Amino acid sequence: MRTLSRRHFLAASSAIALFIRSDKPVWAEDKPQAGGTLSVILQPEPVTLSPTNNMAQPTQTVAGNIFDGLVYYDFDLKPQPCLATSWDLARDGKTVTFHLRHGVKWHDGKPFTSADVKWSLENIWKTIHPRNKALFENVSAVETPDDFTVVLKFSKPSLPIFSVLNGVGAPILPRHLYEGTDILGSPYNNKPVGTGAFVFKEWKRGEYVLLERNPDYWDSGKPYLDRILFRIIPDPAARAAAVEKGEIQYAPFNAIPLRDVERFSQLPNVKIDRRGYDWISPLLYLDFNVENQYLKHQRVRQALAHAIDRNAMARIVWFGFGKPAISPVPSAVATFHDSTVPQYAFDPKKAEALLDEAGFKRGADGTRFAITHDYLPYGDDYRRTAEFIKQALHKIGVEVTIRSQDTAAFIKRIYGDRDFDLSLSWNSAFPDPQIGVVRAYWSGWLGTQTPWTNGSGYRNAEVDGLIQAAAVEGNPEARVADFKRFQQIVLTELPTLPLLEMQFFSVHAANLRDIVSQGDQTYSTLKNAWFDGKAKG
Amino acid sequence: MRRYLRRSLWQIGIVVLGIATINFFLLHLAPGDAAEVMAGESGAATAEYMAALRQQFGIDQPLYLQFLRYVGHLLTLDLGYSFREGMPVAELMRQRLPATLLLMGSSTALAVSLGCVLGFMAARRAGKIADTVISTLALLFYATPVFWVGVMLVMVFSVALDWLPIGGMTSIEAGYRGWALAGDVARHLVLPAVTLGLFYLAIYTRLVRASMLEVYHLDFVRTARAKGVRPWRIATRHVLRNALLPVVTTLGVQLSSILGGAVLVETVFSWPGLGRLAFEALFHRDLALLLGILFCSSLVVVFVNLAVDLIYTLLDPRIELS
């Protein structure tokens, strides 16, 4: 009885879904309509709302609506004008000029000028920003000939900066509120004043962050929504229920459990969207601790790679939300991705042969050796990946003990104490390998105990040289060549095994339109989004 | 009496300071610090960024200096500052206190009142069908995990029937004021209060039933029966009143956990209470915040215990404070 009614229900709902998708409803108009409150899931609760000192996703998701950047990124990850209307790069790559938009105001009414950009670069991008320091440290001078022109002088070229100039990548703060104060401790970090399409209204801890439409926004007519309400809903089942019921109309960053997605895709009132994550290019990887007595052997690392069926991992563990990765530079980062790198197809026999060659034969009990595995404690999906790896390695005679801990203990164990053998994690590659990828391979980080740096403990002088050369290379082709050589080496020596190019997804109400309109959407503004027909709220 | 109180307060001071000291060193045994958590969440860091965070949080100082500063703050009734949240600890707690008191108050009131009634009815009809039904229900509520009950109630009353909101404390987007706001909060309160209340309800029901049955066997009840007191009067006047002591004890224990006891329910219903705040502070290694919450919790525990002792003397004149 129960199965029957359930099946009927599913059949009926998919019929409705088909109907809606095949024939555009008559009331659907393509002209955006103004009005409405958009409720969005924000998970976990952000630490701060200032994009300068925290790179965590919830902070960036909110801040992207409050702060505009010099540019935004389209679906091809090409910079498009935002606060900067145009820019020129000198032939030697050492001078960059930005022409700023006129008539832009901070939310407190003060005009936005080149002085704000100069101050932000000198006091944030070059110093405390966790990602940008390396990209902007070669800026030798910032000139502001007038209120709407900024000229950056580089001692050496730094081409990757053109991939981080959006609102959260290179955040511009109001100089008049921050200058001369303690930036990390400023009260404005929790009540931000930006130039974006939405104005910060209220943050009630543990409940919500409320933004309101900026009536003086420079892009006239936008935004269409009256308000954005970011709601903090810690329980995954409650999040799924809120989306299903329509209390929430937009849920980015895998806010509902993967196992619910299949069912949600059948619901007539919601849609699943995989776009808008291109700028961050997330990648799941496995770090081998190269100081481990077994894992220090290149053949052992290659054997372990051959033992893991990444297609099955993508299909079973990640419900198809990911595809096997062959390089730490994801295929979406097309300019730099090298598809000719050594690949490690699923081949347990070859894995066993490699381990035999390396001298680790199966013992009397069938075991070759035992190692530990720590996984990033970001939820079920990571734990199940660890279990998948444990089973895969068991088949070639390697016994794995999975260890669980919370985030603080995980970070300290991997990057502080270095007391691990295998570690599972993910990172954002970003459109230029300089930003998100090389961090994991450069030996200069070793010994600094800095999170999210060289986790494997890998040291290779040629790789270090390539990384440093590419950072200051002014010729784009030469940079591509450097990074391709880099990929060839690190995929031969394999200190880190790229597992999956992860595919994040958003769930949104079917009547919410233009929710994804740019390549960096999920870290950017919802100024183009609008409710079709009768807006909710 | 006055001497008792004076001595109690003096002991309370020592106990609370002892708890604070143990808390401080115990929490510092946890691996990882707040800067590592923040860098972990960011997915990017530099050595300079880590150093700046540690300096801002004050965790680059030697442990004994951090401890002296902590005790110094406590003695001036300053709970410290949460650098992670960018707010004084007292302010963070004050924001969450109304939600916590509302949830705990309503669920406790529901549990005690209904639990006493059900337990009373079950004891009066011990062994009969009513007793079996009540006892079975109580066992069921007692044994079912709280979070599961919460999710099921959401599925039935929020998603399927659409009578009540799924979570949160108010409908922010509606912008209610005054009585409309109170009604809105009440609607949001129903499911979490019932979920939490059902568990405690089971405890009180079983407790009242068991201790009433025990009292029924005592000599003075037999005497009362023998001299012809009516059963209802025996039950209310003689048995129930004597059976209330364990209820007061349990109520004391429950009220002691008021500041942190409802993590699961707060999580399932996105209720902005102190339990979630403490739970998250632990994961974030926000030790200033966590120590503040634990310190206040220890204050609540000792004062509730003191109050329970005083109530004992009211309920049972034979008990004296010495």
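Residue numbers start from 1 in every chain, and the chains themselves are labelled A, B, ... in the order their sequence lines are given, proteins ahead of strands. Keep in mind the model is a prediction, meaning the values are calculated, not measured.
Within the 4.5 angstrom heavy-atom criterion, only side-chain atoms of M50(B), from C-beta onward, approach chain A. Contact of L229(A) with chain B is made through the side chain alone, with heavy-atom distances under 4.5 Å. Of the two parts of N189(A), neither the backbone nor the side chain holds a non-hydrogen atom closer than 4.5 Å to a non-hydrogen atom of chain B. When heavy atoms are compared at a cutoff of 4.5 Å, S171(B) does not approach chain A at all. Residue R276(B) touches chain A through its side chain alone, counting heavy-atom pairs closer than 4.5 Å. The contact between L92(B) and chain A is made entirely by side chain atoms (from C-beta outward), counting heavy-atom distances below 4.5 Å. Heavy atoms closer than 4.5 Å to chain B are found in the side chain of Y378(A), but not in its backbone. Proximity to chain A (any heavy atom under 4.5 Å) is restricted, for Q56(B), to the side chain, taken from C-beta onward.
For the residue pair A52(B) and L184(A), the shortest heavy atom distance occurs at CB-CD1, 4.0 Å. When every heavy atom of L164(B) is checked against every heavy atom of K245(A), the shortest pair comes out as O-NZ, 3.3 Å. Here the shortest heavy-atom pairing between A408(A) and V37(B) reads CB-CG2, 3.3 Å. The nearest pair of heavy atoms linking T453(A) to A45(B) is CG2-O, 4.5 Å.
With contacts defined as side-chain heavy-atom distances shorter than 4.5 Å, the pair D33(B)/K412(A) does not qualify. Counting heavy atoms from C-beta outward, T46(B) and W445(A) have side chains that approach closer than 4.5 Å. Contact of the Q405(A) side chain with the P31(B) side chain is not registered, since no non-hydrogen atoms from C-beta on lie closer than 4.5 Å. Side-chain atoms of T170(B) and E207(A), non-hydrogen and from C-beta on, do get closer than 4.5 Å to each other.
Ranked by heavy-atom pairs under 4.5 Å with chain A, the list S158(B), G86(B), G168(B) is led by S158(B). Contacts with chain A were tallied for G150(B), A30(B), A39(B); A39(B) has the most, counting heavy-atom pairs under 4.5 Å. Ranked by heavy-atom pairs under 4.5 Å with chain A, the list V154(B), V268(B), I172(B) is led by I172(B). When the candidates D162(B), L282(B), L277(B) are compared by the number of heavy-atom contacts under 4.5 Å with chain A, D162(B) comes out ahead.
One distance of note links CZ of F147(B) with CG of D235(A); it measures 9.5 Å at 0.5 Å rounding. A distance of 9.0 Å separates OG in S270(B) from CZ in R239(A), rounded to the nearest 0.5 Å. Rounded to the nearest 0.5 Å, atoms OG1 (T407(A)) and CZ (F283(B)) are 7.5 Å apart. With rounding to the nearest 0.5 angstrom, the CD1 atom of I233(A) is 7.5 Å from the CD1 atom of I166(B).
Considering E85(B), H284(B), E41(B) as possible partners of V47(A), the one that fulfils the side chain to side chain contact (heavy atoms under 4.5 Å, CB included) test is E41(B).
Residue Q55(B) places its CD atom among 12 or fewer non-hydrogen atoms of other residues, nucleotides or ligands, all under 6.0 Å distant. In this structure, Y250(A) places its OH atom where more than 12 heavy-atom neighbours from other residues, nucleotides or ligands lie under 6.0 Å away. Residue R69(B) places its CZ atom among more than 12 non-hydrogen atoms of other residues, nucleotides or ligands, all under 6.0 Å distant. Atom OH of Y176(B) has 12 or fewer heavy atoms from other residues, nucleotides or ligands within 6.0 Å. Under a cut-off of 6.0 angstrom, the local environment of OH in Y142(B) is sparse, with at most 12 non-hydrogen atoms contributed by other residues, nucleotides or ligands.
In this structure a side-chain-to-backbone donor-acceptor pair under 3.5 Å is missing from E48(B) to T127(A). Checking side-chain atoms of R205(A) against main-chain N and O of P272(B) turns up no donor-acceptor pair under 3.5 Å. Judged by distance alone, the side chain of W452(A) and the main-chain N or O of G40(B) form a donor-acceptor pair under 3.5 Å.
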